[in-house]
Amino acid sequence: MKPARWMCAVLWAGAVYNILWGIFVVCFPNVMFERMKMAAPNYPQFWQCIGMIVGVYGVGYAIAATNPLRHWPIVLVGLLGKILGPIGFLAASSRDQVPWRFGITIITNDLIWWIPFALILRAAYRSRFIATQDAPAATGISPLR
């Protein structure tokens, strides 16, 4: 089964976005804090490390974009990060450890990717399931039911 074009496009967009966001955070770790009128972190290296991780996810998305149905584990790891990140943000913000306004980054970094990544994973599952169902007929081996 061949992936839909939109899947590749979404993953290429995710790759470019994550790589650019990662580079920006690594090179300018205090800019987001300054724009949100927040105190800059005492150790900007931690924030830069997050930028590096996000950038590396972008490399993974570029790989997955070449064949989303084959490279579905990369999409799964990305979706997990995009679900767990907002959960961590909600936990920190509800304890007043991070201002709620910092959540604006959650929209573009995480939330907008949930549906397309979930749809890619569903298509990958279906393509695997269909391939598994077709394999016995092609080999002459009857499936266990």
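Keep in mind that what you see is a predicted model, and the values were worked out from it rather than measured.
Both Ile63 and Val56 are members of a single hydrophobic cluster when ILVMFWY side chains are connected at heavy-atom separations under 4.5 Å. Residues Ile115 and Ile87 fall within the same hydrophobic cluster, defined by Ile, Leu, Val, Met, Phe, Trp and Tyr side chains chained together at heavy-atom separations under 4.5 Å. Cluster membership check: Phe46 does not share its hydrophobic cluster with Leu84, using side-chain heavy-atom separations under 4.5 Å among Ile, Leu, Val, Met, Phe, Trp and Tyr. Val16 and Trp21 fall into different hydrophobic clusters, where Ile, Leu, Val, Met, Phe, Trp and Tyr residues are linked whenever their side-chain heavy atoms come under 4.5 Å apart, directly or through other members.
Taking the side chain as every heavy atom from C-beta outward, Leu76 and Leu121 approach each other to under 4.5 Å. Side-chain atoms of Pro68 and Phe117, non-hydrogen and from C-beta on, never get closer than 4.5 Å to each other. Side-chain contact between Leu69 and Met7 is present, with heavy atoms from C-beta onward closer than 4.5 Å. Residues Met38 and Arg101 meet the side-chain proximity criterion, which asks for heavy atoms closer than 4.5 Å. In this structure, Val10 and Leu119 have side chains that are not in contact, with every pair of non-hydrogen atoms separated by 4.5 Å or more. Under the 4.5 Å side-chain criterion, counting only non-hydrogen atoms from C-beta, Ile19 is not in contact with Tyr61. The shortest side-chain heavy-atom distance between Pro116 and Trp6 falls under the 4.5 Å cut-off.
Between Asp110 and Gly81, the closest heavy-atom pair is OD1-O, 4.1 Å. Closest of all the heavy-atom pairs between Val54 and Gly22 is CG1-N, 4.5 Å. Of all heavy-atom pairs spanning Pro41 and Asn30, the tightest one is CD-OD1, 3.8 Å. The nearest pair of heavy atoms linking Met36 to Ile104 is CE-CG2, 3.2 Å. Nearest approach of Ala15 to Ala62, heavy atoms of both residues: CB-N, 3.6 Å. Listed here is the closest heavy atom pair of Phe102 and Thr105: O-OG1, 3.0 Å.
The backbone N or O of Asn109 sits less than 3.5 Å from a side-chain atom of Lys82, completing a donor-acceptor pair. In this structure a side-chain-to-backbone donor-acceptor pair under 3.5 Å is present from Trp113 to Thr108. In this structure a side-chain-to-backbone donor-acceptor pair under 3.5 Å is present from Ser127 to Ala124.
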Please determine whether side-chain contact (heavy atoms from CB on, under 4.5 Å) holds for the pair Ile50 and Val25, giving the CA-CA distance in whole Å, both sets of side-chain angles, and the decisive distance to 0.1 Å.
CA-CA 8 Å; Ile50 291 171; Val25 168; 5.7 Å; no
So Leu90 and Ile106, side-chain contact (heavy atoms from CB on, under 4.5 Å) or not? Walk me through it.
CA-CA 10 Å; Leu90 288 172; Ile106 297 297; over 6 Å; no
Set out, in order, the CA-CA distance, both residues' side-chain angles and the distance that settles ring-ring contact (aromatic ring centres under 6.0 Å, His included) for Tyr17 and Tyr57, then state yes or no.
CA-CA 10 Å; Tyr17 175 83; Tyr57 269 97; over 10 Å; no
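Interatomic distance, CZ of Arg70 versus CZ of Arg128, reported as 10.0 Å (0.5 Å rounding). In this structure, the separation between CZ on Phe28 and CZ on Arg35 is 10.0 Å, given to the nearest 0.5 Å. Rounded to the nearest 0.5 angstrom, Leu11 CG and Asn67 CG are separated by 10.5 Å.
For Trp72, there are no ring pair (Phe, Tyr, Trp, His ring centres under 6.0 Å) partners two or more places apart in sequence or in a different chain. In this structure, the ring pair (Phe, Tyr, Trp, His ring centres under 6.0 Å) partners of Trp100, at least two apart in sequence or on a different chain, are Phe89.
The aromatic ring centres of Trp47 and Phe33 sit less than 6.0 Å apart.
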